[in-house]
Amino acid sequence: MKIHIPFLPEFRDAMLGGRKRATARAKRYGTAGDTFEAFGATFRLTLVERVRLMEVTRNWQWEGCESEGEFMSIWSRLHPTGWHADKKVWWHWFERRSDDK
């Protein structure tokens, strides 16, 4: 199924370059196999799992960030309730479709 997941413009290069391979969200956007478009490319979800926000933060590089602090700052900016280690989030893993490169 084709879905829509919004991304900040600042993640364009990280996504198109393959450095951003996952996105944590407060709600579930899809399931493995679903596709979405971002920045003119097509991506496919490979795994969607429920994890604690701290797990995502410890693996900040998969989110396309330069540091743990950058991830925490972006999360807090987008979520008015702020960053909370034990908050359960949906971690969406994805890959760029090979026929799209």
Tell me every residue that passes salt bridge (Lys or Arg N to Asp or Glu O under 4.0 Å) with R77, counting only those two or more places apart in sequence or in another chain. E10
M54 reachable from I74 in the ILVMFWY side-chain graph, under 4.5 Å edges: no
Do V89 and V48 belong together in a cluster built from hydrophobic side chains that touch within less than 4.5 Å? no
Please check: side-chain N/O of S76 versus main-chain N/O of M72, any donor-acceptor pairing under 3.5 Å? yes
Suppose the criterion is side chain to side chain donor-acceptor pair (under 3.5 Å): which pairs have a residue in residues 56-69, not counting sequence neighbours? K20-E63, T57-W83, E63-W91
What pairs with F11 under ring-ring contact (aromatic ring centres under 6.0 Å, His included), at least two apart in sequence or on another chain? none
With a 3.5 Å cut-off and sequence neighbours excluded, list the donor-acceptor pairs that the side chains of residues 29-40 form with protein atoms.
| from | atom 1 | to | atom 2 | distance (Å) |
| --- | --- | --- | --- | --- |
| D34 | OD1 | M1 | N | 3.4 |
| D34 | OD2 | T31 | N | 2.8 |
| E37 | OE2 | K2 | NZ | 2.7 |

Partners of R12 by side-chain hydrogen bond (donor to acceptor under 3.5 Å, both in side chains), sequence neighbours excluded? none
Go through the structure and list residues passing side-chain hydrogen bond (donor to acceptor under 3.5 Å, both in side chains) with W90, not counting sequence neighbours. none
Any residue meeting side-chain hydrogen bond (donor to acceptor under 3.5 Å, both in side chains) with R25, in chain and number order, not counting sequence neighbours: T23
Residue pairs, two or more places apart or on separate chains, that pass salt bridge (Lys or Arg N to Asp or Glu O under 4.0 Å) and touch residues 83-94: R52-D86
Output the distance between atom CG (L45) and atom CD1 (I5), rounded to the nearest 0.5 Å. 5.0 Å
Does one hydrophobic cluster hold both F43 and L47, with members joined at side-chain heavy-atom distances below 4.5 Å? no
Taking ring-ring contact (aromatic ring centres under 6.0 Å, His included) as the definition, give me every residue that meets it alongside H84, ordered by chain and number, with sequence neighbours left out. none
I'd like to check the side-chain hydrogen bond (donor to acceptor under 3.5 Å, both in side chains) partners of R21; sequence neighbours left out, ordered by chain and number. none
Got a donor-acceptor contact below 3.5 angstrom from the R96 side chain to the L16 backbone? yes
When rounded to the nearest 0.5 angstrom, what distance separates CG in L53 from NE2 in H79? 8.5 Å
Within the 4.5 Å heavy-atom criterion, are F94 and R44 side-chain neighbours or not? no
